[in-house]
Amino acid sequence: MASVSGKQSSKSGPKTGSAGVSSGIGGGGGAANSLSGSSAAVSLSGSLNKKKKPFLGMPAPLGYVPGLGRGATGFTTRSDIGPARDANDPVDDRHAPPGKRTVGDQMKKNQADDDDEDLNDTNYDEFNGYAGSLFSSGPYEKDDEEADAIYAALDKRMDERRKERREQREKEEIEKYRMERPKIQQQFSDLKRKLAEVTEEEWLSIPEVGDARNKRQRNPRYEKLTPVPDSFFAKHLQTGENHTTVDPRQGQFGGLNTPFPGGLNTPYPGGMTPGLMTPGTGDLDMRKIGQARNTLMDMRLSQVSDSVSGQTVVDPKGYLTDLNSMIPTHGGDISDIKKARLLLKSVRETNPHHPPAWIASARLEEVTGKLQVARNLIMKGTEMCPKSEDVWLEAARLQPGDTAKAVVAQAVRHLPQSVRIYIRAAELETDVRAKKRVLRKALENVSKSVRLWKTAVELEEPEDARIMLSRAVECCPTSVELWLALARLETYENARRVLNKARENIPTDRHIWITAAKLEEANGNTQMVEKIIDRAITSLRANGVEINREQWIQDAEECDKAGSVATCQAVIRAVIGIGIEEEDCKHTWMEDAESCVAHGALECARAIYAHALQQFPSKKSVWLRAAYFEKNHGTRESLEALLQRAVAHCPKAEVLWLMGAKSKWLAGDVPAARSILALAFQANPNSEEIWLAAVKLESENNEYERARRLLAKARSSAPTARVFMKSVKLEWVLGNIVAAQELCTEALKHYEDFPKLWMMRGQIEEQSGSTDKAREAYGQGLKKCPQSISLWLLLSRLEEKAGQLTRARAILEKSRLKNPQNPELWLESVRLEYRAGLKNIANTLMAKALQECPNSGILWAEAVFLEARPQRKTKSVDALKKCEHDPHVLLAVAKLFWSERKITKAREWFLRTVKIEPDLGDAWAFFYKFELQHGTEEQQEEVRRRCENAEPRHGELWCAESKHIANWQKKIGEILVLVAAKIKNTF
């Protein structure tokens, strides 16, 4: 009925308006109440509810389905099924027992319920039985396990029978799926293939990806902080007057009146707010601030002035350093210090006789700057632990001068046998006499201390020291150092007696025997040295001492550095063979000799080589090493004597004969060099090396006719390609071009596969101006020797000189096809384009070259200087990563530092380059040029001397000068100057 009355009232027209709605909601009996309520509502809300819909607030009619009229039915929303629940959410039941209070617990409970067997009749089927496992809760016995294994084996057998078909079917399904839904990578494979056709210009024309961020993100503006001036504070102090009155409206209305109409009036009466009382003057007294700052600094300085050493005047220059001593250096904060202080206090109170607790407490206070507290603590520690050395020493360290002496004196009374306290007492004394007095007093109490004796002896004059050492060895007869010190101060006869007594007291120490040998050597009894060392080995072994070979060799090195040559050689001969297997002797001895050379013990190394040569007189490698040692570290006489012995034992070793002849030649004794080579001919008839050495000896000494006769004899008796080449070169450098061409033609009949003959023929024709004949010679040579890189380069440069750039480029491309992965050919191709002004093509070729030869040092070195200056450093880093120890890369880095005027770094890298590869002449030339510009005369001479000793043979610029016809008789030093003069600083 209520709904019916509601409908009737709603139809009664607009005059009843809100009253009709109210009667419909409230029912027919409450009309008066609803009218009174509606009138109140009208007074509250005014005209806001005039347009309110008549059905709002009414219950829906029976059978109403929302959205049915417009067809919006048949879907479910989250509001229909409730919100999603997390496993950790609490359940709706607030009083649920433990284990059921979360959604996850309830889910576990439901799963557990599902796992229980369901033996209900509804779960039973006549054919299959129960849906679940009927006996899942029963025990699992052995026969059940056997049955399961049998069933598993049957399943596996059946599965294997169908395995091939199943796998084939799965494979086909996967392929079908991939065809229908290909990967993104496969979809773009055809486009990626087309990338191979993109030229470099097209690739470079692709625009770079811009920065998509807005301007504010690209250019962040950091917060700027500006210090506020003092005038700002002064101005605002004057304007910052206090206000103690209230707005008159507050008194009128009895509260705070809000400015909005129709607002709420607060029921609280207004009051007087006191405000902040600021100084009436309003000015900032900067003078007082300065005074406060000075007072603070005075306090700091007064704290620092009382330091450990007792000084009372602060060094004004170093007061900041002193202030640093007050800052805790342990990196902890204040709370950590307090914790440590509390912990150490607990340790001290628990165990007051524990010395480390007192020391740690004192050091903690010292670190935090409380020096007086630290002193008080450590003095209390000395009272609690009077028998602790460490506590007394710490107290002496913390106390200033005179107080420290008093502390040490007190410590001596408690610990009269403590050596460390006596040493500390001597250190505190500034006068030498006082030090001696303290130490002598100490020796009265502790006469067995070696340390005290040594400290006391160091302060005495030699005569007094000898007397003290005589007493010292009586008190400490087992101290080797005291015996040896006494022996050094005694005369020869007394020293022998002292060392004999020392051997009786200490029969197990080798140093006494070695000192005895050095003593005999120093007094001219060198024949006794060998006997003493041999007797030492025998005696030490008899006393059970193991002979340590490494230790004895170290002792020999020390003897060598001290000038006792005979002793060091005797020690080496005695111990060099101990503990080494026979097959390892040669290898180990060579390593020992190199180690001695590295340590600067040259006599030891000479003794090792001499012993090795006695054991292996027919070993050519040992003679060679010994010869190179004498060449680098010995005299010319010692080298020649060694080589004479060497050729007597190894007459077939050509290199030994040649070294001997060269040594005589460099000394200016040409007849002796000829006689050595004549003997070498007898021992090695028809040896190519000896023939050529004889020719070089004669040609260098301007005996050209004798050289020609020797070469003619060599061509008839020992014809080789090198003999013919030297013959051609001799005629060429002497200007006999026709004879050189004839010899070259004759040589090529016999040795057409020797590329140097073709090169010489082409260069002779090129020098004569016959470009076509030179081109023909190079072409014929390349047919016979297509692997010769130098021939390809010569032909390419010939065409470039003739202006045939395209032909030169084609020759280099052909050479790269014949000789793939050859960095020299790639380098020439890059330089060809660069010389032609085509820098872009040169860069492209360099990129290809580095792809094909990624570990080529010459290519990386060239690539560094192909880059613009800003990119060179990055390129050099890449080069060093790829070729860390390549001399060309190291040289490029040195040149890079040179171009940036980093002189010290450039010199370091030049030194590193010539150390790694001393045979690279270009490195020496650049180094010499560098020193000419930035070094002293001594440095220039040092580079020149080292270059002459290294005798470099390789390098592009070096070979261009050293092999030039005009420079054939130039020495290494002269060629170095020529190459350095040709270098231009264009990098």
Side-chain angles (χ1 to χ4, degrees), residues 295-430 434-435 438 442:
T295 307
L296 182 63
M297 186 58 69
D298 289 340
M299 291 171 61
R300 291 280 181 90
L301 291 175
S302 62
Q303 287 177 356
V304 178
S305 65
D306 191 12
S307 66
V308 177
S309 59
Q311 67 180 19
T312 55
V313 179
V314 179
D315 179 12
K317 293 182 180 178
Y319 93 96
L320 284 177
T321 312
D322 291 337
L323 280 176
N324 284 336
S325 66
M326 299 174 60
I327 302 170
T329 56
H330 50 77
D333 54 8
I334 303 301
S335 61
D336 292 338
I337 295 171
K338 288 181 178 177
K339 286 177 186 176
R341 192 175 283 138
L342 189 62
L343 183 63
L344 290 170
K345 182 181 178 183
S346 173
V347 174
R348 293 197 308 269
E349 291 174 353
T350 307
N351 188 1
H353 301 292
H354 186 57
W358 295 100
I359 295 171
S361 302
R363 288 188 180 174
L364 176 67
E365 300 301 338
E366 181 192 7
V367 162
T368 54
K370 298 182 178 180
L371 194 57
Q372 192 56 46
V373 177
R375 289 170 180 168
N376 295 339
L377 272 171
I378 202 65
M379 291 312 295
K380 193 171 181 182
T382 58
E383 295 172 9
M384 303 304 295
C385 311
K387 297 297 182 184
S388 171
E389 266 187 355
D390 295 325
V391 172
W392 285 109
L393 289 171
E394 187 70 13
R397 187 183 70 82
L398 288 173
Q399 296 292 349
D402 295 334
T403 315
K405 291 180 183 177
V407 168
V408 171
Q410 195 176 349
V412 168
R413 283 195 291 274
H414 286 91
L415 296 165
Q417 300 294 317
S418 173
V419 176
R420 292 167 64 196
I421 290 176
Y422 281 118
I423 296 290
R424 178 62 181 160
E427 288 173 355
L428 286 171
E429 298 292 344
T430 53
K435 286 179 185 285
V438 169

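Residue numbers count from 1 along this sequence. All values reported here derive from a predicted model rather than from experimental measurement.
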Exercise answer: donor-acceptor pairs, residues 352-361 side-chain atoms, under 3.5 Å, sequence neighbours excluded:
unit_1: His353; atom_1: ND1; unit_2: Met384; atom_2: O; d: 2.9
unit_1: Trp358; atom_1: NE1; unit_2: Pro352; atom_2: O; d: 2.8
unit_1: Ser361; atom_1: OG; unit_2: Arg348; atom_2: NH1; d: 2.7
unit_1: Ser361; atom_1: OG; unit_2: Ala357; atom_2: O; d: 2.7

Here the salt bridge (charged side-chain N to carboxylate O under 4.0 Å, His left out) pairs for residues 354-365, sequence neighbours left out, are Arg341-Glu365, Arg363-Glu394
Donor-acceptor pairs under 3.5 Å, side chain of residues 419-428 to any protein atom, not counting sequence neighbours: which ones?
unit_1: Arg420; atom_1: NH1; unit_2: Glu389; atom_2: OE1; d: 3.1
unit_1: Arg420; atom_1: NH1; unit_2: Asp390; atom_2: OD1; d: 3.2
unit_1: Arg420; atom_1: NH2; unit_2: Asp390; atom_2: OD1; d: 3.2
unit_1: Tyr422; atom_1: OH; unit_2: Pro416; atom_2: O; d: 3.0
unit_1: Tyr422; atom_1: OH; unit_2: Asn445; atom_2: ND2; d: 2.6

**Item:** Test item: Thr368 side-chain N/O and Leu364 main-chain N/O as donor-acceptor pair under 3.5 Å
**Value:** yes
The complete set of ring pair (Phe, Tyr, Trp, His ring centres under 6.0 Å) pairs with one or both residues in residues 361-396, sequence neighbours excluded, reads Trp392-His414
Of all heavy-atom pairs linking Gly381 and Val391, the shortest is C-CG1, 3.7 Å
Heavy-atom closest pair (Ala374 atom, Ala362 atom, distance to 0.1 Å) is CB-O, 3.2 Å
Here the gap from Leu415 atom CG to Gln410 atom CD, rounded to the nearest 0.5 Å, amounts to 11.0 Å
Worksheet entry | Greater than 12 external heavy atoms within 6.0 Å of Lys405's NZ | yes
Contacts of Thr382 meeting side chain to side chain donor-acceptor pair (under 3.5 Å) (sequence neighbours excluded), chain-then-number -> none
What one should report as the nearest heavy-atom pair of Val407 and Ala396 is CG1-N, 4.0 Å
Applying side chain to side chain donor-acceptor pair (under 3.5 Å) to Asn376 and not counting sequence neighbours gives Gln372
